[in-house]
Amino acid sequence: MGNGLRLRITENDGHKPKTRKENHIMKNRKNILTYIVAALSILVTSASSSPGAPPLQPPQNYTGMLTHGEFVSCDGQILNPPPYSVDGTWVLNIDTMTQAQVPPPAHLTMVVFRDRSPYLLFPHIELTPISLQDGVYTYTYGPQVTLTLDTNTTPATFSWHVEFDDNCTLRSYESLTYVGVAN
């Protein structure tokens, strides 16, 4: 001990002691990580419990039978009985709801029989959304066709309404409506 050598023993035997700067950097990293975890948990919680964003649901399929057709003459009178009997099937596929009060996109497949013979086939048509009000979906197909699905009734009711604009030169009726119910 009289020769000037000193021996220092620390608990970190074999390790370099950390400086104040290194301690400060590690503390900041821990704080940043804590903030990131907190922010992510807030985002996840708010996204899952947000009242304006309903959970995603699969598309809805409505299927049913056409029960009858209603035809309005060129004079504005309902033709009774209609000029021919109508039956058939329809399938309406409504995509997942994206916004409240706006109907989601939909696709229609419809087969119409006239006097028990195939008359019209719509294998897969894209419908244009118009409105959704109290469970009543309204769509259009071109300028003359309006489709309505009323989900308030049991079973749901379906209507395919066409307004012709040829001034009755091609047929003896001005409009027709195919009506059906869901299975």
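Listed by chain and number, the residues in a side chain to side chain donor-acceptor pair (under 3.5 Å) with D115 are S85 (sequence neighbours excluded). H107 is linked by a ring pair (Phe, Tyr, Trp, His ring centres under 6.0 Å) to H124, counting only residues two or more places apart in sequence or in another chain. Checked against salt bridge (Lys or Arg N to Asp or Glu O under 4.0 Å), D75 has no partners two or more places apart in sequence or in another chain.
In this structure a side-chain-to-backbone donor-acceptor pair under 3.5 Å is present from T151 to G135.
Separation of atoms CG (L66) and CG (D87) is listed at 7.5 Å; rounding is to 0.5 Å. Atom CG of residue L132 and atom OH of residue Y139 lie 7.5 Å apart, to the nearest 0.5 angstrom. Once rounded to the nearest 0.5 Å, the distance linking CD1 of I94 with OH of Y62 reads 5.5 Å. Expressed to the nearest 0.5 Å, how far CD1 of I78 lies from CD of E70 amounts to 6.0 Å. Here the CG-CG distance, from N93 to N61, works out to 4.5 Å after rounding to the nearest 0.5 Å. The distance from the CG atom of L92 to the OG1 atom of T63 is 10.0 Å, given to the nearest 0.5 Å.
Of the residues L147, T140, T148, T146, the one that meets the side-chain contact (heavy atoms from CB on, under 4.5 Å) test with I130 is T140.
Residue F113 shares its hydrophobic cluster (ILVMFWY side chains chained together at separations under 4.5 Å) with V111, L121.
A donor-acceptor contact closer than 3.5 angstrom links the side chains of T177 and H161.
Applying the disulfide (SG to SG under 2.5 Å) definition to pairs two or more places apart or across chains, those involving residues 123-183 are C74-C168. Among pairs with a residue in residues 145-171, those fulfilling salt bridge (charged side-chain N to carboxylate O under 4.0 Å, His left out) read D166-R171, at least two apart in sequence or across chains.
Between P123 and T109, the shortest heavy-atom contact is O-OG1, 2.6 Å. Taking every heavy atom of both residues into account, L79 and S172 meet most closely at CD1-O, 4.4 Å. Across all their heavy atoms, P104 and P129 have their closest contact at O-CG, 4.1 Å. Across all non-hydrogen atoms, the minimal contact from A182 to P155 is O-CB, 3.2 Å.
Between Q77 and F71, every side-chain heavy-atom pair lies at or beyond the 4.5 Å cut-off. By the 4.5 Å heavy-atom criterion applied to side chains, N152 and V136 are counted as neighbours. Looking at F158 and L108, their side chains come closer than 4.5 Å, going by heavy atoms from C-beta outward.
Taking the ring centroids of W160 and F122, they lie under the 6.0 Å cut-off.
In L120, the CG atom is crowded: over 12 heavy atoms of neighbouring residues, nucleotides or ligands sit closer than 6.0 Å.
Cluster membership for V86 and Y141, using ILVMFWY side-chain heavy atoms within less than 4.5 angstrom, is shared. V179 and V181 fall into different hydrophobic clusters, where Ile, Leu, Val, Met, Phe, Trp and Tyr side chains are chained together by heavy-atom contacts under 4.5 Å.
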What's the verdict on side chain to side chain contact (heavy atoms under 4.5 Å, CB included) for Y173 and V72, showing C-alpha distance, side-chain angles and the deciding distance? CA-CA 5 Å; Y173 47 91; V72 176; 5.9 Å; no
Exercise for the section: Determine, step by step, whether Y178 and M110 satisfy the side chain to side chain contact (heavy atoms under 4.5 Å, CB included) criterion, reporting the C-alpha distance in whole Å, the side-chain angles of both residues, the deciding distance to 0.1 Å, and the verdict. Expected result: CA-CA 10 Å; Y178 296 134; M110 188 167 69; 4.1 Å; yes
Step by step, would you call V91 with T89 a side chain to side chain contact (heavy atoms under 4.5 Å, CB included)?
CA-CA 7 Å; V91 176; T89 60; 6.0 Å; no
